[in-house]
**Student:** 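Please read through the structure below; I'll follow up with questions.
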Amino acid sequence: MTSTLSQGFLPFEHEPYHNFKDEAVAAKQRAAFASVREKYAGKSFPLLIDSQEVTGGETFTVHNPATGEALWNFQNASAGQRDAAIQAAKTAFESWQHSDPFQRASIFKRAAELLRQRRLEFNAVMTLENGKNWAEADGEVAESVDHFEVFARETLRWAEGKAVYPMPDEHVTTHYEPLGVVVTISPWNFPSAIPLGMGLGALAAGNTVIWKPASETPLSSWLMLELLFEAGLPRGTVQFLTGQDDVLGDALVDHKDVRMIAFTGSREIGCRIYERAAKVQPGQKWLKRVMAEMGGKDATVVCADADLDAAALGIAQAAFGYSGQKCSACSRAILEDSVYDEVLEKVLAHARTLKAGLPEDNADYGPVIHAGSAGRIRGYVEAGKASAKLLLGGEWEGKNVPPTIFGEVASSDPLFQEEIFGPVLTFTRAHDWQHAIELANDSEYGLTGSFYSRDPAKISEARRRFHVGNLYVNRKCTGALSGTHAFGGYGMSGTNAKVGGPDYLFWFLQTKTTAQKY
C-alpha cells in the first residue's frame, strides 16, 4: 500500500500497547482518571455547526455505566440545528473537496502525534463512558493512533489515481473525486476507533462530515475532533451533532443533501437505514451510498489436531473480553467431537478465573452498558436453560453479567443463531472438521471467525469455505489492527467495506475518466 507521494513517511508500525503491569505506567493511568474528572466532570459540551460552538435547548447527562455517576453533559440538537449543520457541511464541501491531499495527510499525521501524548487521558474517558477496562480501552485508543497513520497514507495513495491501458491518440486518466456530505452514525462499544475510522475515511477522500456519536459515549468523539482541529483540520469540515434519534435518525438519512451514510450498529437499524436511503427524495440528485457494519455471530472452529491450549485461550479471550460487547466476539465454539470435552474444560477453567469489578480499577470485567442490555441477555440465558446445558453463569444481579457458557447447543437454537451481544458462549459438537465449517457457516452473519488446526490442507480448505469477512487461523477472532486486518463482514454483518484496508476509501469516492484527444 505504498504511494509515491507518501514515500517520505517513515514505514508504518502499529502503535504499541501500554504495559499496565509496570507500576509506574499503572500509576500514570490512575492519575489520568483523577485528571479527567477534574477537567471534565459536570461540564457541558456544545454542538459544532458552521465552525461555531452552539448550545441552547435541552441537554442530556452521560453516566458511568459501572457506578451510575453523572459525568458530563451534551446538547440535544433541534431539527433546526440539524438542518443548519447539513447546510454548513454542504457549503464547506465546495472548498474542502479541492483541498490538497498532502494537506489532509499532514493533518492526520499531526493528529497521531497529539493523540500519542494524550493516550492515558483518552483511555480514562472511554473507561468512564462505556465501562472498558484499561487494556480494552488502551487497545482501542492505540487503534485510533493507527487510523490516523493509515489514513494519512491512504489519502495520498488514492490521490494518485489509477493507470489505464493507453491509446495512441488520447491522453486518458482515471482519478477519484469525493461525494459530498457524509453522515457518520457510530455505536457506544468502540466510541473512539469506529467513529474516527468512518470520519477519517470521509475526510481523507475530500468529503465533509455530519458526525453523530452514540449518546452513551460522546466525549470520546468530541476529544478526537479537538485533536483534529488542533492538528489543522478546518472546523467547517465537520459538524458535530448529539441528541435524540427522533431528530438525528431518519431525518438525517432522508435529507436530500446527504450523499452518503456510514453506519455501525445493530442489524435492525442498519437495515432501516439501507431501506430509507434507497428512496430518492424530492430535489435529490444522486443515489445515496450506504456503508453499514451490523454485527456478527462469530464462530471458532477447533480441529482435533489443533493446539488445544491456544484454542481454549483464544476462545475465552474473544468471548469474554469487554463482556462480549463486540460485534467480533466469539459466541459459538464448534469443536470436533473427539476434543470437545477437553477444550470445553479448558475454556471453563479460563472463564472461572475472571473477576467482576470496576473498570476504573482495571477489573477483568464490569457491567454491560445498560440495564436493558442485561435484561435482554437474561432473556436468552433463561430460555437457553431449557434448550441447552448451562455449564457456567446464568445468575446475576444488576448489570455485571458473568461469563456464561452453554454446552450441547443445537444449531437451530436461538443461542446459536442470534446475536446476544453479551458474555454468552455456546459449545456445539461437530462430526468432523468439515462439518464444523458447515456449522460455522450456518448463520445469517459473516463477520469474523477463527479456525484452529495444524494441518495445512485443512487450513487451505477453511480459507476457501469459512464464509466470513475476517478469518483468523490459530488465533482469536477479535483484535483487528488497522492497516493490516481490514475489517468488515459478509451477509447480514454488513456491506463489507473493510475499514483500515486498501479499498476502504473507494466507498467515499466516485471515479472519473477523462480522455483528451491529441
**Student:** Centres of the Trp72 and Phe45 rings: under 6.0 Å?
**Tutor:** no

**Student:** Is the Phe108 to Phe151 ring centre distance short of 6.0 Å?
**Tutor:** no

**Student:** When you compare the side chain of Phe74 with that of Ser44, does any pair of heavy atoms fall below 4.5 Å?
**Tutor:**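 No, side chains not in contact.
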
**Student:** Looking at OG1 of Thr91 and CH2 of Trp96, how far apart are the two atoms once the value is rounded to the nearest 0.5 Å?
**Tutor:**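 Answer rounded to 0.5 Å: 16.0 Å.
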
**Student:** Are any non-hydrogen side-chain atoms of Val125 and Ser220 less than 4.5 angstrom apart?
**Tutor:** yes

**Student:** Would you say the side chains of Thr448 and Asp298 form a donor-acceptor pair under 3.5 Å?
**Tutor:**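 Side chains of Thr448 and Asp298: pair found under 3.5 Å.
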
**Student:** Check whether more than 12 heavy atoms from other residues, nucleotides or ligands sit under 6.0 Å from atom CZ of Phe12, and answer yes or no.
**Tutor:**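 Atom CZ in Phe12 is packed in, count exceeds 12.
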
**Student:** Got a salt bridge between Glu226 and Arg235, using NZ or NE/NH1/NH2 to carboxylate O under 4.0 Å?
**Tutor:**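 No salt bridge links Glu226 with Arg235.
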
**Student:** Can you find a pair of side-chain heavy atoms, one from Ile49 and one from Leu241, that are under 4.5 Å apart?
**Tutor:**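 A side-chain contact exists here, since the closest heavy-atom pair is under 4.5 Å.
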
**Student:** Given 3.5 Å as the limit, does a donor-acceptor pair link the side chain of Thr155 with the main chain of Arg104, or not?
**Tutor:** no

**Student:** Between Glu15 and Arg119, does at least one N-O distance fall below 4.0 Å, as a salt bridge requires?
**Tutor:**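 A salt bridge links Glu15 with Arg119.
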
**Student:** For the residue pair Tyr17 and Asn19, confirm or rule out a side-chain donor-acceptor distance under 3.5 Å.
**Tutor:** no

**Student:** Is the count of non-hydrogen atoms from other residues, nucleotides or ligands lying under 6.0 Å from Glu94 atom CD greater than 12?
**Tutor:**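 Atom CD in Glu94 is packed in, count exceeds 12.
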
**Student:** Tell me whether the guanidinium CZ or amine NZ of Lys132 lies under 6.0 angstrom from the six-membered ring centre of Phe190 and within 45° of its axis.
**Tutor:**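 Yes.
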
**Student:** I'd like to know if Lys297 and Glu444 make a salt bridge, using a cut-off of under 4.0 Å between side-chain N and carboxylate O.
**Tutor:** no

**Student:** Is it true that a side-chain atom of Gln97 and a backbone atom of Gly206 form a donor plus acceptor pair closer than 3.5 Å?
**Tutor:** no

**Student:** Is Asp257 salt-bridged to Lys90, going by a charged N under 4.0 Å from an acidic O?
**Tutor:**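 Yes, this pair counts.
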
**Student:** I would like to know whether Ser450 and Arg475 meet side chain to side chain donor-acceptor pair (under 3.5 Å); could you show each step before the answer?
**Tutor:** CA-CA 7 Å; Ser450 289; Arg475 55 149 286 186; over 6 Å; no

**Student:** Do Glu69 side-chain atoms and Leu71 backbone N/O form a donor-acceptor pair below 3.5 Å?
**Tutor:** no

**Student:** Is the side chain of Gln325 donor-acceptor paired with the backbone N or O of Asn189 at a distance under 3.5 Å, no angle test?
**Tutor:**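 Here the side-chain-to-backbone pair does not exist.
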
**Student:** Are Lys109 and Phe9 in a cation-pi setup, meaning NZ or CZ lies under 6.0 angstrom from the ring centre and within 45 degrees of the ring axis?
**Tutor:** yes

**Student:** Please list, chain by chain and in numerical order, all residues satisfying salt bridge (Lys or Arg N to Asp or Glu O under 4.0 Å) with Glu136, sequence neighbours excluded.
**Tutor:** Lys326

**Student:** Quick check for you: to the nearest 0.5 Å, what is the distance between Leu223 atom CG and Met126 atom CE?
**Tutor:**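 Answer for the CG-CE pair, Leu223 versus Met126, is 10.0 Å.
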
**Student:** On the 0 to 90° scale, with breaks at 30° and 60°, tag the Tyr518-His171 ring pair as parallel, tilted or perpendicular.
**Tutor:** tilted

**Student:** Regarding Arg267 and Glu293, does a basic nitrogen lie under 4.0 Å from an acidic carboxylate oxygen?
**Tutor:** no

**Student:** Do Gln239 side-chain atoms and Asp50 backbone N/O form a donor-acceptor pair below 3.5 Å?
**Tutor:** yes

**Student:** Run Thr61 and Asn73 through side chain to side chain donor-acceptor pair (under 3.5 Å) and show every step you take.
**Tutor:** CA-CA 4 Å; Thr61 300; Asn73 308 297; 2.7 Å; yes

**Student:** Check for a donor-acceptor pair, side chain of Asn207 on one end and backbone N or O of Phe508 on the other, with a separation under 3.5 Å.
**Tutor:**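 Yes; at least one donor-acceptor contact below 3.5 Å.
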
**Student:** Any chance you could lay out the side chain to side chain donor-acceptor pair (under 3.5 Å) test for Gln29 and Asn123, step after step, and finish with the verdict?
**Tutor:** CA-CA 8 Å; Gln29 183 62 77; Asn123 290 354; 3.1 Å; yes

**Student:** Has the side chain of Ser186 got a donor or acceptor atom that lies under 3.5 Å from a matching backbone atom of Pro195?
**Tutor:** no

**Student:** If you measure from CG on Leu179 to CZ on Arg289, what distance do you get to the nearest 0.5 Å?
**Tutor:** 5.0 Å

**Student:** Roughly how far, to the nearest 0.5 Å, is CD of Glu129 from OG1 of Thr127?
**Tutor:** 10.0 Å

**Student:** Using a 3.5 Å distance criterion without hydrogens, assess whether the side chain of Asn362 forms a donor-acceptor pair with backbone atoms of Trp134.
**Tutor:** yes

**Student:** State whether Phe33 and Arg30 meet the cation-pi test: NZ (Lys) or CZ (Arg) under 6.0 Å from the six-membered ring centroid, and within 45° of the perpendicular axis.
**Tutor:** no

**Student:** Can a side-chain donor-acceptor contact be found between Glu216 and His63 if the only test is distance below 3.5 angstrom?
**Tutor:** no

**Student:** For His485 and Leu481, indicate whether the former's side chain and the latter's backbone hold a donor-acceptor pair under 3.5 Å.
**Tutor:** yes

**Student:** How far does CD of Glu419 sit from CE of Met294, to the nearest 0.5 angstrom?
**Tutor:**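 Glu419 atom CD to Met294 atom CE measures 10.5 Å (nearest 0.5 Å).
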
**Student:** Would you say the side-chain atoms of Lys498 pair up with the backbone N or O of Gly469, donor to acceptor, closer than 3.5 Å?
**Tutor:**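 Yes, Lys498 side chain to Gly469 backbone: donor-acceptor pair under 3.5 Å.
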
**Student:** Whether Glu154 and Arg157 form a salt bridge (side-chain N of Lys/Arg under 4.0 Å from carboxylate O of Asp/Glu) is what I want to check.
**Tutor:**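 Yes.
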
**Student:** With the threshold set at 4.0 Å, does a side-chain nitrogen-carboxylate oxygen contact exist between Glu113 and Arg110?
**Tutor:** no

**Student:** Give, for atom CG of Leu48 and atom CG of Leu225, the distance between the pair rounded to the nearest 0.5 Å.
**Tutor:** 7.5 Å

